[in-house]
2 protein chains.
Amino acid sequence: MTTKKVTIREVAQASGVSIATVSQILNGKTKRFTPQTITRVRAARDQLGYEPDYFAQRMITKDSKTIGVIVPDITNPFFGQLLRGIEAVLFRANYITMLCDGADDRLKERDYLDELTRRGVDGFIISSAAVASETLREKQRPFIVLDQKMASGTADAVLTDDRQGGRLAAEHLAALGHQRVAMVLPAAPTANIARRLAGFQTVFPDALQIDGELSKQGGRAAAKALVQTDATAVFAANDEIAFGLYLGLAELGKRVPEDYSVIGYDDTEMAEYVTPQLTTIAQPITALGATTAEMLLARIAQPDKVWEERLLGVELVKRFSAKPL
Amino acid sequence: MTTKKVTIREVAQASGVSIATVSQILNGKTKRFTPQTITRVRAARDQLGYEPDYFAQRMITKDSKTIGVIVPDITNPFFGQLLRGIEAVLFRANYITMLCDGADDRLKERDYLDELTRRGVDGFIISSAAVASETLREKQRPFIVLDQKMASGTADAVLTDDRQGGRLAAEHLAALGHQRVAMVLPAAPTANIARRLAGFQTVFPDALQIDGELSKQGGRAAAKALVQTDATAVFAANDEIAFGLYLGLAELGKRVPEDYSVIGYDDTEMAEYVTPQLTTIAQPITALGATTAEMLLARIAQPDKVWEERLLGVELVKRFSAKPL
DNA sequence: TGCGTTTGGTAAAACGTTTTAATTACACGT
DNA sequence: ACGTGTAATTAAAACGTTTTACCAAACGCA
């Protein structure tokens with residue numbers, strides 16, 4: 001706090017021109033100036049170590065070079081990987097990402113939304129179902145919603161083919177000879193989870209549904225309900241639940257895959273490291289993040305272009321948690 | 001973008017007072033005004049939906065109510081949990097946290113540091129070893145460094161008792177009858193990892209050291225080196241490595257804990273869900289984050305208080321990945 | 001009445017930029 | 001000598017607050 005800030009005025013002084021000149025030259029509007037002045041100004045800038053004051057700049061040009069990202073649970077490695085993708089492209093475009101962990105708290109997410117708006121973020125990436133699209137729209141900022149289809153034709157969106165993912169899981173189980181199957185998913189599923197279920201039901205119209213939060217704990221608890229049924233295979237709404245199932249089932253003396261085949265969803269890194277290695281539906285997590293960020297940037301650059309919607313594919317990766325009946 | 005911003009001037013107009021009055025009242029400096037004007041102003045504020053412009057405010061009062069947090073790898077669940085702790089207390093204090101994923105890239109971390117400084121963050125929480133304390137100091141901002149002891153008496157720090165953690169792991173292994181043991185850790189360990197090693201060597205002065213990055217991949221690769229030795233037990237520098245070891249060992253036809261006892265470090269959530277459940281040294285991860293944030297806030301409130309250093313305890317949690325020889 | 005003191009409030013400066021319209025200087029053609 | 005055009009630069013407004021010093025009116029009191 002000891003060294004005081006060097007201002008544009010001092011640079012102007014040092015190079016013997018007006019502050020308007022300095023501002024323009026340093027912002028690349030170099031057309032109208034003579035080579036000498038240009039070098040003179042730049043030299044002064046370097047020599048004094050001048051950095052334009054961020055807030056003063058923002059007062060004029062209202063953009064902030066900042067994107068707000070809201071995720072529901074930063075503790076879930078899925079979002080860690082997703083953020084990698086988002087953040088990488090944003091950083092390359094010189095944007096700073098403001099990460100907000102909603103912690104599954106609707107109110108908190110709202111607060112964040114308000115505060116970030118006040119702070120003039122240039123756009124939002126919403127990866128949580130908890131924020132309604134109207135709320136978002138009234139903020140009058142570009143936003144893109146991830147993995148959560150909203151009223152279409154009214155916002156950008158990037159989706160993965162959840163329906164296909166659900167079907168893939170079901171088909172694999174069916175091919176393995178399973179007839180009685182269950183899916184564990186939250187009691188109030190978000191749109192994307194619901195689509196996974198729908199896809200699953202394409203093959204198993206009367207699959208059992210077991211309640212379970214989207215977390216390891218949720219899966220662990222769901223195991224108790226599972227063993228009461230006559231199902232021989234489970235489809236977990238995400239990998240975290242599947243991991244929970246592993247433990248919950250073990251606690252009840254059941255083995256995977258001998259007693260229960262289980263299929264996860266996401267293909268998070270850990271899926272490969274768990275025993276037995278988890279058969280799961282792979283989403284291109286990092287690519288998902290990257291694509292999202294790119295689309296938002298495109299929207300910011302060109303606010304009036306037509307709404308775009310992108311669908312990314314998924315695939316089944318067979319490992320060892322599902323076996324023939 | 002259609003509705004234009006409502007400014008303090010309009011509020012003043014609406015309540016028939018000057019903008020100075022509005023500003024003061026709305027900032028709680030309510031002492032000098034009559035109850036009626038106060039209510040009148042507040043009413044106008046509410047009625048017009050006035051929100052002070054963030055950037056204009058920041059131009060005057062230089063604080064930004066923002067903390068920059070830099071982590072080396074957001075993909076590692078340890079940092080997810082840590083962030084939970086940090087973010088929760090910051091949010092409660094009305095601070096926004098700007099999360100930056102260093103992605104193990106020194107240069108990127110530097111860039112972030114520069115940019116955040118320019119944007120006037122009120123302080124930094126550094127959880128990565130890659131940024132040097134001098135670099136940090138020259139930013140002239142309060143900062144606190146986590147789990148990484150720097151030149152002491154010159155910055156705040158919160159540490160966990162890594163040395164004790166290392167010793168605990170070693171003692172457990174010794175009690176189980178192991179004599180030949182190894183530790184896997186990065187070739188260029190950071191200060192905290194080095195302390196774990198030192199503690200471990202307290203009991204096993206000539207423990208083998210196997211190179212391995214702090215990731216699942218790192219552990220997986222290290223397994224190959226491990227099986228070349230005559231060690232019967234491994235101490236992994238963190239849980240991620242331990243998980244990697246599980247897989248790597250399995251790929252080589254070895255079983256845990258029958259062939260190798262393994263002990264992890266961190267007690268991340270996953271430790272309980274893996275099979276066999278991982279014996280590990282528990283750090284109070286979320287508390288660690290919370291404490292750090294609190295200390296930084298305290299420093300910001302009172303920049304000249306004496307440097308503080310806090311040491312948090314660790315404990316051994318026995319599960320099933322280490323067994324008697 | 002006169003005078004210091006409190007009360008309630010405001011004018012104006014300051015924060016550090018960007019941007020627009022104006023100004024100067026000069027060359028050129030007639 | 002005079003307009004005309006153009007190239008280089010700048011003065012000044014604007015952005016929306018907070019803060020400080022000052023002011024007028026009312027009050028207390030001998």
Side-chain angles (χ1 to χ4, degrees), chain A residues 1 3-45 48-66 115 117-122, chain B residues 1 3-45 48-66 115 117-122:
Chain A
M1 301 291 156
T3 59
K4 48 203 50 159
K5 222 171 148 46
V6 24
T7 156
I8 196 176
R9 226 167 297 272
E10 311 177 35
V11 180
Q13 182 112 45
S15 36
V17 299
S18 76
I19 67 168
T21 303
V22 175
S23 172
Q24 284 177 128
I25 289 180
L26 261 28
N27 284 327
K29 274 136 182 42
T30 175
K31 291 284 168 205
R32 317 171 60 75
F33 298 94
T34 188
Q36 307 150 28
T37 20
I38 295 183
T39 46
R40 209 138 36 87
V41 166
R42 291 214 178 114
R45 186 255 322 260
L48 270 54
Y50 166 71
E51 295 267 347
D53 180 87
Y54 180 71
F55 296 116
Q57 273 181 322
R58 258 62 251 172
M59 261 210 85
I60 312 284
T61 89
K62 294 303 194 183
D63 63 346
S64 64
K65 290 289 191 184
T66 304
E115 184 61 21
T117 308
R118 220 170 73 76
R119 294 184 181 212
V121 298
D122 295 331
Chain B
M1 301 291 156
T3 57
K4 47 203 51 156
K5 219 169 150 48
V6 24
T7 157
I8 197 176
R9 225 167 296 275
E10 311 177 37
V11 180
Q13 182 112 44
S15 36
V17 298
S18 77
I19 66 167
T21 304
V22 175
S23 173
Q24 284 176 126
I25 289 181
L26 261 29
N27 284 327
K29 277 143 181 36
T30 176
K31 290 284 168 203
R32 315 172 59 74
F33 300 95
T34 185
Q36 306 150 31
T37 19
I38 295 183
T39 46
R40 209 140 35 90
V41 166
R42 292 216 178 112
R45 185 255 322 260
L48 270 54
Y50 166 71
E51 296 267 346
D53 181 87
Y54 180 72
F55 296 115
Q57 273 181 321
R58 258 62 254 171
M59 269 215 75
I60 312 284
T61 89
K62 294 304 194 183
D63 63 348
S64 65
K65 289 289 190 184
T66 304
E115 185 59 22
T117 309
R118 219 171 72 77
R119 294 186 180 211
V121 299
D122 295 331

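Heavy atoms only: backbone and side chains are in, while hydrogens, waters and symmetry mates are out. Letters go in sequence order (proteins before strands), and every chain restarts at 1. Note that the structure is a prediction, hence the values are computed from the model and not measured.
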>> Over all strands shown, is A/Thr21 touching base, sugar-phosphate only, or nothing at heavy-atom distances under 4.0 angstrom?
In response: base
>> Judged by each residue's nearest nucleotide on DNA chain C, which is more toward the 5′ side, A/Val22 or B/Ala56?
In response: B/Ala56
> B/Tyr50 versus B/Leu26: any side-chain heavy-atom pair under 4.5 Å?
Replying inline: yes
> Nearest to the side chain of A/Lys62, which nucleotide is it out of C/dT18, D/dT17, D/dC15?
Replying inline: D/dC15
>> For B/Arg42, give me all partners under side-chain contact (heavy atoms from CB on, under 4.5 Å), at least two apart in sequence or on another chain.
In response: B/Ile38, B/Arg45
>> Tell me the interatomic distance from A/Lys29, atom NZ, to C/dT17, atom C1', rounded to whole angstroms.
In response: 14 Å
> A/Leu26 has an atom CG; how far is it from atom P of D/dT10, in whole Å?
Replying inline: 14 Å
> Does C/dT17 have OP1 or OP2 sitting under 4.0 Å from an N or O in the side chain of A/Tyr50?
Replying inline: yes
>> Side chain of B/Thr61 only, heavy atoms from C-beta on: which candidate in C/dT17, C/dG9, D/dT19 is closest?
In response: D/dT19
> Whole-Å distance between D/dT19 C1' and B/Met59 CE?
Replying inline: 14 Å
>> Determine whether B/Thr21 and B/Ser18 satisfy the following criterion, side chain to side chain donor-acceptor pair (under 3.5 Å), listing intermediate values before the conclusion.
In response: CA-CA 5 Å; B/Thr21 304; B/Ser18 77; 3.1 Å; yes
>> Which label fits A/Phe55 and B/Phe55: parallel for a plane angle under 30°, tilted from 30 to 60°, or perpendicular past 60°?
In response: tilted
> Quick one: A/Ile19 CD1 to C/dC15 P, roughly how many Å, whole number?
Replying inline: 13 Å
> What is the distance, rounded to the nearest whole Å, between atom CG of B/Asp63 and atom C1' of D/dT17?
Replying inline: 13 Å
> Looking only at side-chain N and O atoms, does B/Thr7 come under 4.0 Å of OP1 or OP2 in D/dG16?
Replying inline: no
> Which nucleotide in the list D/dG16, C/dT17, C/dT10 gets nearest to the side chain of A/Gln57?
Replying inline: C/dT17
> Do you know the tightest heavy-atom contact between B/Asp122 and B/Ser64?
Replying inline: OD1-N, 2.9 Å
Identify each atom pair where a protein N or O and an N or O of nucleotides 20-28 of chain C are less than 3.5 Å apart, giving names and distance.
none

> How close or far is atom P of C/dT17 from atom CZ of B/Arg58, stated in whole angstroms?
Replying inline: 18 Å
> So with a 6.0 Å cut-off around CD of B/Gln13, is the heavy-atom count from everything else above 12?
Replying inline: no
> Considering only D/dT10, C/dT19, D/dT18, which nucleotide approaches the side chain of A/Val17 most closely?
Replying inline: D/dT10
>> Measuring from the side chain of B/Ile60 (C-beta onward, heavy atoms only), which nucleotide among D/dT17, C/dT10, C/dT17 has the closest atom?
In response: D/dT17
>> Per the salt bridge (Lys or Arg N to Asp or Glu O under 4.0 Å) rule, what does the pair list look like for residues 51-61 of chain A, sequence neighbours excluded?
In response: A/Arg58-A/Asp63
>> Please report the distance, rounded to the nearest Å, between CZ in A/Phe55 and C1' in D/dG16.
In response: 14 Å
>> Could you tell me how far apart B/Gln36 (CD) and C/dT7 (P) are, to the nearest whole angstrom?
In response: 16 Å
